[in-house]
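Just below is one structure, and these are the notes that go with it.
So you know, we letter chains A, B, ... as the sequences are listed, proteins then strands, and number each from 1. Just so it is clear, the structure is predicted and the values come from calculations on it, not from any experiment.
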Amino acid sequence: MLDIKFIRENIDLVRAKLKERGDAIDLDQFSTMDRKRRDILQEVETLRSDRNSVSKEIGARKQNGEDASDLIAKMGSVSSRIKELDEALKETERLLHGLTMTMPNIPHESVVRGTGDEDNPVVRKWGEKPQFDFEPKPHWDIGEELNILDFAAGAKIAGARFTVYRGAGARLERALINFMLDLHTMEHGYTEILTPFMVNSESMTSTGQLPKFEEDLFKIEGTDYYLIPTAEVPVTNIHRDEILDEKDLPVAYVAYSACFRAEAGSYGKDTRGLIRQHQFNKVEMVKFTRPEESYDELEKLTANAEEVLKRLGIHFRIVDLCTGDLGFSSAKTYDLEAWLPGQNAYREISSCSNFETFQARRANIRFRREENSKVEYVHTLNGSGLAIGRTVVAILENYQQKDGSVIVPEELRPYMNGVDRIVRNK
RNA sequence: GGAGAGAUGGCUGAGCGGCUGAAAGCGAUCGCCUGCUAAGCGAUUGUACGCCUCAAAAGGUGUACCGGGGGUUCGAAUCCCCCUCUCUCCGCCA
């Protein structure tokens, strides 16, 4: 959510910035509702002030055994007018709130203007594309031939976009989770968190999934529970409605979670393989920072995600999302795209964002500086470190051998019980 | 799932229709005192929104907030209803 005062005072700037994202937001309606709200508020507060003083007078008279029936009669009509105004105010605030909750964040000034992913500038690359003396296969073929990914079983027991992992495949998934958690906690200074995989609607609203993107979520029927689409939601909400100590900032958490996405609107896209699943695993990093340090922290967070791919020896590039490709809540996002030789393409494997105060305002997460008493909103950031399923994809495709086996990256072997190569077994 | 008890400021905890934005204690901040430390004394000590002054910082003023929502009343932390959460006991259960 944007600051309502900021919108009011910078309405043309906000209009222009949101237009760069390709969002058509009715700011005229915002101005009308905002004006109306303040008009009603002034009237009702004046009436309340009158009522408070007269009620005191009534109390005083009654104490002295005097008659107050004239004042009581007068206040009866004032009270009913207050009630009317309260209802109008509530309705106006409801509309205004609905409007501001569906407004996306304003892109940071460094974000380039563009309309889609083809406009995202490449910031840097690491490593090189591996060379093969055979035609590299896509991971779904490698996985099935090694009998470590069973797409048919996933479809049978659940449906499309679900997969069963077997043997070394299941072990590889688990190894990656532990490897990444160990790296981020022991070398990058994050505190490990394990949260519920379901949250209530209030949490989903704080991080920006609701009210606008309900169709992307799985909801548990008959309850207020939603399956989380990312650990960002529960982890960010840990500090909802709190005032953090400045000395604790920046707070840095890392959490493994399963993630659940309805993938509405992506029919026909990435239908094969592990790329786009209804359920996948992810290790997520979340930070709460002072405003002035959030962009430095974004660079560090992105570097922490990059380090995972470097240790695994997977070639990747980093793109800086343009205004048209930026997520709803984000002010700036770097995507890490891993090279997938089986598909001859770079694919997103991590997304690192600075939300500035957008989520903090929705979630009411603040801090107080030691030298003064004024509370301020923190900046929130998060990034995948990394998406586990897609990392399996990258390993299978980059480390595949001519004989169909897959070499295990050296850093991962301690987590694989020393196994250095995945081969087909019965 | 059944029965009961609770939810008040940074914390502990009073209040149970008007004198309460809220006693008291603790904590914190500032000042005084003190060779240092401790003790002591004094003052201050929430948030949000609106309006006014205003370049701003800041100040003034009003309203709201005692788990959340609704109701009764001239007036609600206080009475009534619904919900959520916490605790205790019973049942069930990985």
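With sequence neighbours excluded, the residues satisfying side-chain hydrogen bond (donor to acceptor under 3.5 Å, both in side chains) with A/N237 are A/S206, A/R240. Applying the side chain to side chain contact (heavy atoms under 4.5 Å, CB included) test to A/R35 and every residue at least two apart in sequence or in another chain returns A/R38, A/D39, A/Q42. With sequence neighbours excluded, the residues that form a side-chain hydrogen bond (donor to acceptor under 3.5 Å, both in side chains) with A/T380 are A/Q359. A search for side-chain hydrogen bond (donor to acceptor under 3.5 Å, both in side chains) contacts involving A/N64 returns nothing, not counting sequence neighbours. Take A/R161 and apply the side-chain hydrogen bond (donor to acceptor under 3.5 Å, both in side chains) test, not counting sequence neighbours, and it matches no residue.
Remark: the A/S257 side chain and the A/E284 side chain contain no N/O donor-acceptor pair separated by less than 3.5 Å. A/N200 and A/S203 are linked by a side-chain donor-acceptor pair at a separation below 3.5 angstrom, with hydrogens and angles left out of the test.
Contacts of A/R61 with the nucleic acid, taken as non-hydrogen atoms under 4.0 Å apart, are absent.
Sorted by first and then second residue, the pairs that involve residues 63-73 of chain A and meet salt bridge (charged side-chain N to carboxylate O under 4.0 Å, His left out), not counting sequence neighbours, are A/R61-A/D70. Among residue pairs with one or both ends in residues 407-420 of chain A, those qualifying as side-chain hydrogen bond (donor to acceptor under 3.5 Å, both in side chains) are A/D182-A/Y415; sequence neighbours excluded.
The interatomic distance linking A/E43 (CD) with B/rC49 (C1') rounds to 17 Å, in whole Å. Between the CD1 atom of A/I243 and the C1' atom of B/rA28 there is a distance of 14 Å, rounded to whole Å. Nucleotide B/rG10 holds its C1' atom 18 Å from the CZ atom of A/F367, rounded to whole Å. Between the CZ atom of A/R37 and the P atom of B/rC49 there is a distance of 8 Å, given to the nearest Å. Atom P of nucleotide B/rG50 and atom CG of A/L85 are separated by 17 Å, given to the nearest angstrom.
Taking atom P on both B/rG67 and B/rG62, the two are 26 Å apart, rounded to the nearest angstrom. Spacing of C1' atoms, B/rU45 relative to B/rA38, comes out at 24 Å, to the nearest Å. Taking the C1' atom of each, B/rG9 and B/rG15 are spaced 14 Å apart, rounded to whole Å. Comparing the same atom, C1', in B/rG25 and in B/rC36 gives a spacing of 30 Å after rounding to whole Å. Taking atom C1' in both B/rG46 and B/rG21, the straight-line distance is 9 Å, to the nearest Å. One C1' atom belongs to B/rC41, the other to B/rU53, and the distance between them is 38 Å to the nearest Å. With P as the reference atom, B/rA48 and B/rA57 are 15 Å apart, rounded to whole Å. Taking atom C1' in both B/rG71 and B/rA76, one finds a spacing of 11 Å when rounded to whole Å.
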- Item | Strand RNA chain B as a dot-bracket string - pairs counted if Watson-Crick or G-U with both distances under 3.5 Å, | where the partner lies in another strand | ((((((((.[[[..)..(.....]]]((((((.......))))))((((((((....)))))))).[[[[[..)....]]]]])))))))....

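Across residues 2-10 of chain A, A/K5, A/R8 each have a non-hydrogen atom less than 4.0 Å from an atom of RNA chain B (numbered order).
Between A/R38 and B/rC49 there is no side-chain N or O to OP1 or OP2 distance below 4.0 Å. Contact annotation: A/R368 side-chain N/O to B/rU47 OP1/OP2 distance is under 4.0 Å.
Looking at A/R290 and A/D296, no side-chain N of the basic residue comes within less than 4.0 Å of a carboxylate O on the acidic one, giving no salt bridge. Note on A/R48 versus A/D86: salt bridge recorded, some NZ/NE/NH1/NH2 to OD/OE distance being below 4.0 Å. A salt bridge does not link A/R347 with A/E397: none of the charged nitrogens is closer than 4.0 Å to a carboxylate oxygen. Contact check on A/D3 versus A/K5 returns no salt bridge, with no Lys/Arg side-chain nitrogen under 4.0 Å from an Asp/Glu carboxylate oxygen. Ion pair A/R81/A/E43 flagged as a salt bridge, since at least one NZ, NE, NH1 or NH2 atom sits closer than 4.0 Å to an Asp/Glu carboxylate oxygen.
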- Message: Strictly under 4.0 angstrom, non-hydrogen atoms only: write out the protein contact profile of nucleotides 54-76 of chain B, one letter per nucleotide from the 5' end, B, S or -.
- Response: --------BBS-----S-S-BS-

- Note on the structure: In 5'-to-3' order, the base (B), backbone-only (S) or no-contact (-) status of each nucleotide in nucleotides 78-87 of chain B, using a 4.0 angstrom heavy-atom cut-off, is ----------

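Residue A/E109 places its CD atom among 12 or fewer non-hydrogen atoms of other residues, nucleotides or ligands, all under 6.0 Å distant.
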Within the sub-3.5 Å range, which N or O atoms of nucleotides 92-94 of chain B have a protein N or O partner, and how far apart are they?
none

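Shortest non-hydrogen contact noted between A/V14 and A/I106 is CG2-CD1, 4.1 Å. Listed here is the closest heavy atom pair of A/R362 and A/L210: NH1-O, 3.2 Å.
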